[in-house]
Amino acid sequence: MKPIAELTPEEAKAELEYLAQELAKADAAYYQNDDPYLTDSEYDKLKHRNTDIETRFPTLIRPDSPSKRIGAAVKSGFAKVVHTFPMLSLGDVFSIDEVADFVMGVKRFLNTAEDIAFMSEPKIDGLSFSARYENGIFVKGATRGDGTTGEDITENLKTIRSLPLKLPTGVPDILEVRGEVYMAKEDFFALNAKYAAEGKKTFANPRNAAAGSLRQLDPKITAERNLSIFAYTWGEVSARQWDSQADFFNHLRDWGFPINPNNTLCANLKEIEQSFNRLMEIRAELPYDIDGVVYKVNAIALQERLGFLTRTPRWAIAHKFPAEQALTKITAIRIQVGRTGALTPVADLEPVNVGGVMVSHATLHNEDEIRRKDIRVGDTVIIQRAGDVIPQIVGIVPEKRPADSVEFVFPTVCPVCGAHAIREEDEAVRRCTGGLSCPAQAKERLIHFVSRDAFDIAGLGDKIIEDFYAEGILHNPADIFTLQERNGGDDLFSAAEGLYLERKEGWGKKSVDNLFKAINAKRTISLPRFIYALGIRQVGTATARLLAKNYGRFADFMQDMINKETGKLVAIDGIGASMATDMVEFFQEQHNLDIINRLLRQITVEEFIDTSRTDSPLSGKTVVFTGTLEHLTRAEGKAKALAAGAKVAGSVSKNTDFVILGADAGSKAAKAKELGIMTLSENEFLDLLQ
Ligand code: IVH
């Protein structure tokens with residue numbers, strides 16, 4: 001990266017634009033999808049680079065600059081809660097020198113030479129919540145959201161047992177207690193182990209697990225997860241009864257809130273440093289993840305004098321821990337083959353303890369990543385865990401490379417089945433071309449087929465699938481539904497001594513019966529689940545739903561795909577050409593058709609009936625928006641149409657029922673006229689919805 005002092009204004013402008021985009025993407029992944037792909041330190045690096053460039057070129061600060069944001073937009077599905085007092089963020093520093101600067105700044109601001117007391121608190125790596133009490137009764141829970149508006153998680157918070165729902169008498173009439181929801185390491189490992197055994201996707205770290213568990217539209221799911229809280233600050237309060245952070249903690253304790261036992265009052269910078277070092281030392285042994293230490297001016301009178309910068313208090317700061325790193329050696333590089341044939345390289349490591357977690361593998365992502373970092377078997381590497389359980393390889397230690405080391409050659413054939421592994425021009429991954437004849441793909445496909453969002457057959461965990469596949473009992477999804485029949489039948493499956501499955505080690509009549517029960521319960525399946533279960537490349541749950549909504553019947557979808565008829569497909573808003581290609585290709589493969597036909601003889605795929613609304617004149621109709629709307633944004637227009645049971649398409653075709661014309665409507669309006677399709681003005685559209 002070019003030093004900031006050497007950037008020209010043009011370069012700075014371009015880089016700020018790039019950083020705004022990258023950080024917005026990362027924010028969305030973190031806040032909206034609970035599925036971050038940048039490590040904290042990678043994220044911090046980008047964010048700091050952005051601030052540093054802005055400091056040198058203040059006139060280039062963008063209206064959408066990441067420095068003006070502290071979170072991402074509110075995920076839809078939850079009601080919104082506007083915070084009476086914004087939920088702020090903290091500035092962060094990475095060294096004790098910077099902490100010293102911060103303390104100096106506070107003293108200078110207050111114009112005092114005397115020591116100032118700070119509360120030192122572990123920075124819990126979870127997600128913040130606000131709990132509102134009226135007359136001592138818990139009435140509303142919210143996430144931070146973007147700091148101004150959060151999500152209503154009242155019912156979810158209620159399921160956390162350590163959150164008091166009723167406070168003792170004497171508390172302020174209005175009281176918002178804020179703190180962190182987290183998942184203890186132990187609970188996190190147990191949850192992931194359970195998910196892994198069931199073939200479900202596991203969480204990358206306790207923070208994601210906590211976020212994913214709390215932000216559940218169905219609070220029953222939250223209740224099944226073990227979540228915990230620590231309280232550490234307040235929002236709106238009708239009459240404050242405390243005059244320092246320490247005093248506030250005493251109140252919280254009296255009221256029954258969990259507070260962190262390591263919160264320590266520090267008289268001066270020296271004690272702050274001691275508290276930091278102590279927390280660093282015990283960090284790995286703590287039952288929950290912390291990613292730093294927060295220092296807050298203890299006296300509220302002083303906090304009030306210090307006030308706030310734009311989004312952060314001037315009286316508090318977060319001192320972040322460095323990412324946990326360790327050195328170890330790569331003993332092998334293995335290639336894993338996934339459901340769609342993607343070859344993923346994984347490094348086997350000499351096991352090493354990284355911040356309390358034993359690590360023995362790390363993903364190498366793809367071919368290019370290995371080349372970029374020049375990673376070889378035998379190399380000593382720096383691995384890092386930044387709150388993440390899945391470790392990253394930061395880089396190699398060149399001095400420790402053995403003399404006989406050789407460059408890693410990425411295979412061009414599948415290591416499992418030997419078929420060619422090819423790389424499409426614009427893709428980072430290399431894929432095995434073996435399809436279902438590749439055992440790795442076949443197994444992964446079976447695992448996907450029975451997974452939570454697909455057929456959801458809990459009795460068929462990964463291990464059982466592995467076993468059954470190896471024994472030749474299960475080759476493809478259709479075999480699942482003939483298992484019972486074959487178990488008693490005349491093929492190699494049956495044996496004189498009794499039924500095959502019942503005689504398997506570890507199995508008995510009861511477990512076999514349960515398995516068949518679980519399978520038979522899924523002989524009728526909804527269309528979106530069925531489409532998703534097929535495992536077509538790029539077709540996730542959301543796309544499967546869109547397809548179900550637009551086609552209604554599986555046979556119609558399949559017919560179009562077999563005939564390579566993609567007109568209707570690409571007209572669906574949210575489905576692009578590359579997805580369409582993958583879908584058509586899937587249905588051109590004879591073995592896929594064979595499996596589907598065998599499946600359809602065993603199971604019933606329900607017709608998709610749109611329940612959104614059937615009394616609306618738009619219900620079941622296909623609408624297209626064009627031009628600029630006056631009263632609604634495009635997104636609102638679409639949302640309204642979908643809520644009224646309509647399908648929204650991106651282009652006009654003979655299947656379109658209505659075209660909604662905004663200002664300056666162009667070619668789509670002309671097309672509608674040409675095809676004789678009814679057009680509506682924005683107002684007419686709104687009237688129809690009434
Ligand atoms: S105080 C105005 N105290 O860190 C003060 N925050 O970057 C606002 N956090 O959003 C927060 N432990 O999610 C505070 N002891 C603690 C904390 C803490 C964790 C999180 C919190 C906040 C973020 C700030």
Side-chain angles (χ1 to χ4, degrees), residues 27 30-31 34 36 40 43-44 47-48 51 66-67 69-72 83-94 102 106 118-131 141-151 153 157 176-183 205-208 210-211 214-215 227-237 244-246 248-249 252-253 257-266 272 275-276 279 283 286 288-298 300 302-304 306-321 387:
D27 276 343
Y30 182 109
Y31 290 103
D34 301 326
D40 284 1
Y43 181 90
D44 289 339
K47 193 127 185 187
H48 282 132
T51 325
S67 58
R69 296 161 52 90
I70 57 168
H83 301 300
T84 337
F85 279 67
M87 287 182 77
L88 296 160
S89 174
L90 295 171
D92 46 24
V93 294
F94 295 84
F102 162 74
V106 166
F118 283 85
M119 183 62 76
S120 154
E121 306 171 17
K123 185 166 186 296
I124 316 298
D125 201 4
L127 68 157
S128 42
F129 73 92
S130 184
T143 61
R144 181 171 75 172
D146 65 3
T148 312
T149 310
E151 296 158 340
I153 49 158
L157 273 186
E176 281 175 12
V177 171
R178 294 175 174 177
E180 205 82 353
V181 176
Y182 66 94
M183 189 179 283
N205 56 48
R207 183 189 57 215
N208 291 359
L214 190 63
R215 299 166 75 217
L227 294 176
S228 313
I229 58 162
F230 282 122
Y232 52 64
T233 194
W234 64 91
E236 187 180 354
V237 177
S244 68
Q245 180 70 9
F248 177 58
F249 279 136
L252 283 176
R253 188 182 300 113
F257 287 92
I259 55 175
N260 192 290
N262 290 298
N263 296 336
T264 323
L265 189 58
C266 302
I272 286 180
S275 82
F276 179 81
L279 283 169
R283 176 185 189 190
L286 289 175
Y288 42 82
D289 272 346
I290 64 175
D291 60 346
V293 186
V294 180
Y295 311 122
K296 300 173 183 168
V297 169
N298 187 45
I300 293 164
L302 297 184
Q303 289 185 3
E304 283 174 347
L306 285 154
F308 299 89
L309 294 156
T310 334
R311 291 296 215 166
T312 57
R314 211 178 262 118
W315 45 264
I317 200 140
H319 185 179
K320 297 285 255 320
F321 290 138

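Below, each value reflects all heavy atoms present in this structure, side chains not excepted, and no hydrogens, waters or symmetry copies. Atoms within each ligand, like the ligands themselves, are counted from 1 in listed order.
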As a quick check of understanding, evaluate side chain to side chain contact (heavy atoms under 4.5 Å, CB included) for Asp44 and Phe94, giving each step before the final call.
CA-CA 11 Å; Asp44 289 339; Phe94 295 84; 3.7 Å; yes

Which protein non-hydrogen atom lies closest to [atom], naming both residue and atom, and how far is it?
atom	answer
atom 5 (C) of ligand 1	Leu90 CD2, 3.8 Å
atom 12 (N) of ligand 1	Ile124 N, 3.1 Å
atom 3 (N) of ligand 1	Lys296 NZ, 3.1 Å
atom 14 (C) of ligand 1	Tyr232 CE1, 3.2 Å
atom 10 (O) of ligand 1	Arg144 NH1, 3.0 Å
atom 15 (N) of ligand 1	Glu121 OE1, 2.8 Å
atom 20 (C) of ligand 1	Glu180 OE1, 3.5 Å
atom 8 (C) of ligand 1	Leu88 O, 3.9 Å

Contact with ligand 1 for [X], non-hydrogen, under 4.0 angstrom:
X	answer
Arg178	no
Thr233	no
Pro313	yes
Gly126	no

Given Phe118, Phe321, Tyr295, the one that forms ring pair (Phe, Tyr, Trp, His ring centres under 6.0 Å) with Phe276:
Phe321

Spell out, as yes or no, whether a donor-acceptor pair under 3.5 Å connects the side chain of Arg314 to the backbone of Leu306.
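Between the backbone of Leu306 and the side chain of Arg314 there is a qualifying donor-acceptor contact (under 3.5 Å).
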
Is a side-chain N or O of Ser244 found less than 3.5 angstrom from the main chain of Asn298, in a donor-acceptor match?
no

What part of Met87, side chain from CB on, backbone N/CA/C/O, both or neither, has a heavy atom under 4.0 Å from ligand 1?
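Neither; no heavy atom under 4.0 Å.
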
Give the contacting part of Pro122 toward ligand 1: side chain, backbone, both or neither, where contact means a heavy-atom distance below 4.0 Å.
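Pro122 to ligand 1: backbone contact only, side chain stays beyond 4.0 Å.
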
Do Gln303 and Gln245 pair up side chain to side chain, a donor and an acceptor below 3.5 Å, judged on atom types alone?
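No.
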
Please confirm whether the ring centroid of Tyr288 lies under 6.0 Å from the ring centroid of Phe230.
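Yes: the rings meet the under 6.0 Å criterion.
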
Between Tyr232 and Phe249 (judged by ring centroids, cut-off 6.0 Å), do the two rings come close enough to count as a pair?
no

List ligand 1 atoms under 4.0 Å from Ser128, heavy atoms only on the residue side.
10 (O), 13 (O)

Begin from the C-alpha positions of Leu286 and Asn262 and carry the test side chain to side chain contact (heavy atoms under 4.5 Å, CB included) through to its verdict.
CA-CA 10 Å; Leu286 289 175; Asn262 290 298; 3.8 Å; yes

Side chain to side chain contact (heavy atoms under 4.5 Å, CB included) between Phe102 and Val93, intermediate numbers included
CA-CA 9 Å; Phe102 162 74; Val93 294; 5.6 Å; no

Identify which one of Lys47, Lys123, Lys320 satisfies the salt bridge (charged side-chain N to carboxylate O under 4.0 Å, His left out) criterion when paired with Asp92.
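The passing option is Lys320.
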
